[in-house]
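Working notes, structure below.
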Amino acid sequence: MKVVCITKEYRGSTYNGGAIVGEIYDVVETIWMNISNIRFRIKGKLDGTIDFFPKELFITLEQHRQNQLEKIL
């Protein structure tokens, strides 16, 4: 699955590291900590490292494309 980073802030924390707002990433793994805490392992762009982040920092590539299309129309 491909996702787009939309923010680096969630629940009062700022996530630094491999994710850049507006960039597209491949999800390597989805980790279900519990029903309200789901994390994505993503492959970093620059060095190929794999980091994990809350899923709330991302939207799917399809949703991102739909949002961009709606801005145009």
Side-chain angles (χ1 to χ4, degrees):
M1 166 175 44
K2 292 197 180 282
V3 294
V4 178
C5 181
I6 56 170
T7 184
K8 293 188 88 164
E9 295 181 16
Y10 176 64
R11 290 188 179 175
S13 295
T14 300
Y15 290 84
N16 295 316
I20 300 168
V21 173
E23 291 290 319
I24 300 168
Y25 296 94
D26 289 314
V27 174
V28 176
E29 181 181 11
T30 301
I31 301 167
W32 293 76
M33 309 290 246
N34 60 48
I35 195 70
S36 64
N37 188 0
I38 302 168
R39 305 233 171 201
F40 287 151
R41 283 192 190 268
I42 62 166
K43 185 173 182 183
K45 296 271 187 189
L46 301 177
D47 55 9
T49 60
I50 296 175
D51 295 313
F52 69 99
F53 298 95
K55 74 170 186 70
E56 289 80 7
L57 302 184
F58 302 91
I59 59 174
T60 64
L61 182 56
E62 293 80 16
Q63 183 61 52
H64 176 69
R65 288 178 176 159
Q66 183 65 35
N67 291 350
Q68 296 303 311
L69 194 62
E70 289 172 4
K71 287 180 184 178
I72 295 171
L73 302 176

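Predicted, not measured: the structure shown is a model, and the values here were computed from it.
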What's the separation between atom CE in Met1 and atom CD in Glu29, rounded to the nearest 0.5 Å?
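One finds 11.5 Å between CE of Met1 and CD of Glu29.
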
Could you give the distance from OG1 (Thr14) to CG (Leu57), rounded to the nearest 0.5 Å?
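Result: 10.0 Å between the selected atoms.
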
List, by chain and number, the other hydrophobic cluster members for Leu69, where Ile, Leu, Val, Met, Phe, Trp and Tyr join if side-chain heavy atoms come within less than 4.5 Å, directly or indirectly.
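Cluster partners of Leu69: Leu73.
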
Could you note down all residue pairs passing salt bridge (Lys or Arg N to Asp or Glu O under 4.0 Å) where residues 2-13 supplies at least one of them, sequence neighbours left out?
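Only Lys2-Asp26 qualify under salt bridge (Lys or Arg N to Asp or Glu O under 4.0 Å).
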
Is Val3 reachable from Val21 through a run of I, L, V, M, F, W or Y residues, each pair having side-chain heavy atoms under 4.5 Å apart?
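In one cluster with Val21: Val3, no.
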
Linking I/L/V/M/F/W/Y whenever their side-chain heavy atoms sit closer than 4.5 Å, directly or via other members, would Ile20 and Val27 fall into one cluster?
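Hydrophobic grouping puts Ile20 with Val27.
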
Scan the side chains in residues 58-65 for donor-acceptor partners under 3.5 Å anywhere in the protein, sequence neighbours excluded, and list what turns up.
| unit_1 | atom_1 | unit_2 | atom_2 | d |
| --- | --- | --- | --- | --- |
| Thr60 | OG1 | Gln63 | N | 3.1 |
| Gln63 | NE2 | Asn67 | OD1 | 2.7 |

Please identify each residue that fulfils side-chain hydrogen bond (donor to acceptor under 3.5 Å, both in side chains) with Glu70, with sequence neighbours left out.
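Partners of Glu70 by the side-chain hydrogen bond (donor to acceptor under 3.5 Å, both in side chains) criterion, ordered by chain and then number, come out as Gln66.
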
Just jot down the side-chain hydrogen bond (donor to acceptor under 3.5 Å, both in side chains) partners of Ser36, sequence neighbours excluded, or say none.
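Once residues adjacent in sequence are excluded, the partners of Ser36 under the side-chain hydrogen bond (donor to acceptor under 3.5 Å, both in side chains) criterion are Asn34.
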
Any side-chain heavy-atom pair from Phe52 and Val28 closer than 4.5 angstrom?
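With C-beta onward as the side chain, the pair stays apart.
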
Just jot down the side-chain contact (heavy atoms from CB on, under 4.5 Å) partners of Ile38, sequence neighbours excluded, or say none.
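Only Thr30, Trp32, Lys55 meet the side-chain contact (heavy atoms from CB on, under 4.5 Å) criterion with Ile38.
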
Considering non-hydrogen atoms only, spot the tightest contact between Ala19 and Phe53 and give its length.
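Closest approach of Ala19 to Phe53: N-CZ, 3.8 Å.
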
